Amino acid sequence: MSKITRHIGTCAKPATTLIEGRAPVDGLAYGPIRTEVYACDDHARTARTEWIEQPLTAFTVLTRPAAGHGCGEALDRD
């Protein structure tokens with residue numbers, strides 16, 4: 001499985017939230033992780049509602065400082 005990193009937006013704040021974008025499998029929304037997006041407190045809602053795109057389902061998995069990650073960092077898996 002290859003991984004592609006990218007950056008969303010221009011915010012430079014430290015990330016406080018990690019949101020997974022999971023692909024649907026067998027009619028369930030909670031399938032394999034296809035993308036991971038880090039966001040600050042100000043952008044966590046935007047990350048869940050806009051940065052994780054359909055058909056992926058957004059799940060917040062971390063809501064504390066994410067050492068070494070900044071807002072808008074994303075990792076995509078294929």
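Note that the structure is a prediction, hence the values are computed from the model and not measured.
Under the rule for a salt bridge (charged side-chain N to carboxylate O under 4.0 Å, His left out), the partners of Asp76 that lie at least two apart in sequence or sit in another chain are Arg6. The salt bridge (charged side-chain N to carboxylate O under 4.0 Å, His left out) test applied to Arg48 returns no partner, not counting sequence neighbours. With sequence neighbours left out, the side-chain contact (heavy atoms from CB on, under 4.5 Å) criterion links Asp41 to Thr16. Residues passing the salt bridge (charged side-chain N to carboxylate O under 4.0 Å, His left out) test with Glu73: none are found, sequence neighbours excluded. By the side chain to side chain donor-acceptor pair (under 3.5 Å) test, His43 pairs with no residue at all, sequence neighbours left out.
Taking all atoms of both residues into account, the shortest heavy-atom contact from Gly31 to Val25 is CA-CG2, 3.9 Å. Contact detail for Pro55 and Pro24: the closest heavy-atom pair is O-CD, 3.5 Å.
Counting only distance, with no hydrogens or angles, the side chain of Thr17 and the backbone of Cys40 share no donor-acceptor pair below 3.5 Å.
The OG1 atom of Thr60 sits 8.5 Å away from the CG atom of Leu18 when rounded to the nearest 0.5 Å. With rounding to the nearest 0.5 Å, the separation of CD in Glu20 from CD in Glu36 is 6.0 Å. For the atom pair OH (Tyr30) and CZ (Arg22), the distance works out to 4.0 Å, reported to the nearest 0.5 Å.
Residue Ile8 belongs to a hydrophobic cluster whose other members are Ile19, Val37, Trp51, Ile52, Leu56, with links defined by side-chain heavy atoms closer than 4.5 Å.
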